[in-house]
Amino acid sequence: MSLTRLRSLLFLPATAERHFAKAVRRGADALILDLEDSVASNRKDEARRLAAAAARTLSDEGATVIVRVNAARDLLELDMASIPMQVIAAIMLPKVEDGEDVQYAESLWRKRAPADLCGVRFIPTIETPKALLSVEKIAQSSNHLAAIAFGSEDFSAAMGIEPTTEALRFPAQQVVIAASAYGLPAIGLAGSVAGFSDAAAYTELVRTSRALGFSGSVALHPDQIATLNTGFSPSADQLAWARRVVQAQRRAAEAGEAVTTVDGRMIDAPVVARALRYLDGVSVS
């Protein structure tokens, strides 16, 4: 149940049992069992039962499982009581408005796992203008956060605007900056997460979102997964450059020098840090 690399997080409505069997083979870094928007109000109890069983099965098959709960507190309490804590990696909290929302969810979880929350982390989602104004407080609200997510569709609806990159670039980067300031990855797109039929447009949106600092995004359709995995991974050229930088920095350090050059450009500590981020989880020998 790894949360160290979340490029693609595939949504699975908890009532869509027919999709569970294939989900693990889709190639997503994580699977999100959804109890919220994709579940009709009269099927919430059924969704909790199905999600609990699916979480165990998917985890046994090697999937990193996340559960998205409901925001309304009466539903949230029922959701949190039903989740099998030992087999999930994170809980996604929708429509978080301030740090108190995160702390309330954590308090419900702590009642079931008072010692260490069983390793479970929380992913609060910024989906309203009010939440955006509180994003720094949200990022500081718990020591058990895995990431901060940006919900571009709901945010656009709350603003009464279209979910275009032009409209969402500024709020999206605010989320990224707040998350980064507190050592957290940011998950989301600076545009609509729903588009996948226009492959070129979706690829460009992923490229732009990565350039703004996002490290991954939710996927609403399996066809989005490959684009997300590629788009939020360093390219072969970037990895080759990063290896040259790290090797050059090692040689410089051995010679007692703080800076060096690679490909005709000055290499110092910030550049080395960027190279190491590219190489995170990749052998540099």
inquiry  = Arg73 vs Asp101, test: salt bridge (Lys or Arg N to Asp or Glu O under 4.0 Å). Steps then yes/no.
reply    = CA-CA 9 Å; Arg73 291 199 170 184; Asp101 288 340; 3.4 Å; yes
inquiry  = Go through it in stages, so that I can follow the logic: the residues are Arg5 and Asp29, the test is salt bridge (Lys or Arg N to Asp or Glu O under 4.0 Å), and I'd like the CA-CA distance, side-chain angles, deciding distance and then a yes or no.
reply    = CA-CA 7 Å; Arg5 193 183 194 196; Asp29 290 334; 5.3 Å; no
task = May I ask you to decide if Ala186's main-chain N or O and Ser215's side chain share a donor-acceptor pair within less than 3.5 Å?
result = yes
message = Looking at every non-hydrogen atom in both residues, tell me the closest pair between Ala147 and Pro124 and how far apart they are.
response = O-CD, 3.3 Å
key: Sole residue of Gln103, Glu106, Arg121 in side chain to side chain donor-acceptor pair (under 3.5 Å) with Ser142   = Glu106
From CA spacing to verdict: side-chain contact (heavy atoms from CB on, under 4.5 Å), Glu162, Ser156 = CA-CA 6 Å; Glu162 294 295 319; Ser156 298; over 6 Å; no
request  = Using a strict cut-off of less than 4.0 Å between a Lys/Arg side-chain nitrogen and an Asp/Glu carboxylate oxygen, indicate whether Arg251 and Glu254 qualify as a salt bridge.
outcome  = no
key: Min side-chain heavy-atom separation Ser152-Phe150 under 4.5 Å   = yes
query = Is there a donor-acceptor contact under 3.5 Å from the side chain of Thr128 to the main chain of Ala131?
reply = yes
request  = I would like to know whether Asn229 and Ser8 meet side chain to side chain donor-acceptor pair (under 3.5 Å); could you show each step before the answer?
outcome  = CA-CA 6 Å; Asn229 287 346; Ser8 55; 2.6 Å; yes
message = As a quick check of understanding, evaluate side-chain contact (heavy atoms from CB on, under 4.5 Å) for Phe20 and Thr57, giving each step before the final call.
response = CA-CA 9 Å; Phe20 294 166; Thr57 300; over 6 Å; no
message = Any side-chain to backbone donor/acceptor pair from Thr164 onto Ala167? Under 3.5 Å, distance only.
response = yes
query = Near Phe170 CZ, under 6.0 Å, is it more than 12 heavy atoms from other residues, nucleotides or ligands?
reply = no
query = Counting only N and O atoms by type, is there a donor-acceptor contact under 3.5 Å from the side chain of Gln174 to the main-chain atoms of Arg169?
reply = no
request  = Could you tell me whether a side-chain N or O of Arg56 sits under 3.5 Å from a main-chain N or O of Ala52, the two making a donor and an acceptor?
outcome  = yes
ask   = Should His144 and Trp109 count as side-chain neighbours, where that means a heavy-atom distance under 4.5 Å?
value = no
note = Taking every heavy atom of Ala90 against every heavy atom of Val120, the minimum-distance pair comes out as CA-CG1, 4.1 Å
request  = Output the distance between atom CD (Gln247) and atom CZ (Arg243), rounded to the nearest 0.5 Å.
outcome  = 8.5 Å
remark   = Leu184 and Ala139 have their tightest heavy-atom pair at CD1-O, 4.0 Å
ask   = Roughly how far, to the nearest 0.5 Å, is the CE atom of Met80 from the OG atom of Ser107?
value = 8.0 Å
message = Please determine whether residues Leu75 and Leu35 belong to a single hydrophobic cluster, defined as Ile, Leu, Val, Met, Phe, Trp and Tyr linked transitively by side-chain heavy-atom distances below 4.5 Å.
response = no
inquiry  = Side chains of Val218 and Ile32, heavy atoms from C-beta outward: is any pair under 4.5 Å?
reply    = yes
ILVMFWY network linking Val24 to Ile225, side-chain heavy atoms under 4.5 angstrom = yes
request  = State, yes or no, whether a side-chain contact exists between Ile91 and Ile123 at a heavy-atom distance under 4.5 Å.
outcome  = no
inquiry  = Less than 4.5 Å apart, side chain to side chain, heavy atoms only: is that true for Leu189 and Tyr202?
reply    = yes
task = Would you mind reporting whether Asp37 and Arg68 have side-chain heavy atoms less than 4.5 Å apart?
result = yes
query = With distance as the sole test, does Gln173 use its side chain to make a donor-acceptor pair with the main-chain N or O of Leu212 at under 3.5 Å?
reply = yes
ask   = Should Val87 and Val65 count as side-chain neighbours, where that means a heavy-atom distance under 4.5 Å?
value = no
query = At their closest point, which heavy atom of Thr64 faces which heavy atom of Ala89, and how far apart are they?
reply = CG2-CB, 3.7 Å
key: From CG (Leu12) to CZ (Arg26), nearest 0.5 Å   = 9.5 Å
query = Is the gap between the ring centers of Phe232 and Phe214 under 6.0 Å?
reply = no
Same apolar cluster (I L V M F W Y, side chains within < 4.5 Å links), Leu33/Leu108 = yes
note = Heavy-atom closest pair (Ala194 atom, Leu220 atom, distance to 0.1 Å) is CA-CD1, 3.9 Å
inquiry  = Let me check something: do Val246 and Val271 share a hydrophobic cluster, defined by ILVMFWY side-chain heavy atoms less than 4.5 Å apart, either directly or through other members?
reply    = yes
inquiry  = With salt bridge (Lys or Arg N to Asp or Glu O under 4.0 Å) as the criterion, how do Lys137 and Asp98 come out once you've worked through the C-alpha distance, each side chain's angles and the decisive distance to 0.1 Å?
reply    = CA-CA 7 Å; Lys137 293 181 180 178; Asp98 52 40; over 6 Å; no
query = Would you say Glu153's side chain and Val193's backbone share a donor-acceptor pair under 3.5 angstrom?
reply = yes
key: Closest contact, heavy atoms only, Leu228 versus Ser217   = CD1-O, 3.7 Å
ask   = Going by heavy atoms in the side chains, are Ser209 and Leu205 under 4.5 Å from each other?
value = yes
request  = Kindly say whether Val102 contributes a backbone atom to a donor-acceptor pair with the side chain of Ser141 at under 3.5 angstrom?
outcome  = no
message = Determine whether Ile66 and Leu31 satisfy the following criterion, side-chain contact (heavy atoms from CB on, under 4.5 Å), listing intermediate values before the conclusion.
response = CA-CA 6 Å; Ile66 297 169; Leu31 303 176; over 6 Å; no
ask   = When you look at Gln249 and Thr260, which way does the side chain to side chain donor-acceptor pair (under 3.5 Å) test go after all the steps?
value = CA-CA 7 Å; Gln249 188 271 339; Thr260 185; over 6 Å; no
key: Crowding at CD, Glu61 (>12 non-hydrogen neighbours, <6.0 Å)   = yes
query = Does Gln238 CD have over 12 foreign heavy atoms under 6.0 Å away?
reply = yes
query = Are Arg49 and Glu46 ion-paired here, with the side-chain N under 4.0 Å from a carboxylate O?
reply = no
key: Cationic N near anionic O, under 4.0 Å, Asp79 to Arg48   = yes
ask   = Are any side-chain N or O atoms of Thr125 and backbone N or O atoms of Leu93, one a donor and one an acceptor, separated by less than 3.5 Å?
value = yes
Carboxylate-amine/guanidinium proximity below 4.0 Å for Lys95 and Glu36 = yes
ask   = Out of curiosity, Asp263 CG to Met266 CE, how far, rounded to the nearest 0.5 Å?
value = 13.5 Å
request  = State which residue, out of Ile177, Ile126, Val176, fulfils the side-chain contact (heavy atoms from CB on, under 4.5 Å) condition with Val135.
outcome  = Ile126
ask   = Shared ILVMFWY cluster between Leu50 and Leu78, side chains joined below 4.5 angstrom?
value = no
Stepwise side-chain contact (heavy atoms from CB on, under 4.5 Å) check, Ile83 with Val69 = CA-CA 9 Å; Ile83 297 170; Val69 295; 3.8 Å; yes
message = Check this for me: Asp74, atom CG, are more than 12 non-hydrogen atoms of other residues, nucleotides or ligands nearer than 6.0 Å?
response = yes
message = Please check: side-chain N/O of Thr165 versus main-chain N/O of Ala190, any donor-acceptor pairing under 3.5 Å?
response = yes
Inter-residue atom distance Leu132.CG - Met159.CE, 0.5 Å rounding = 8.5 Å
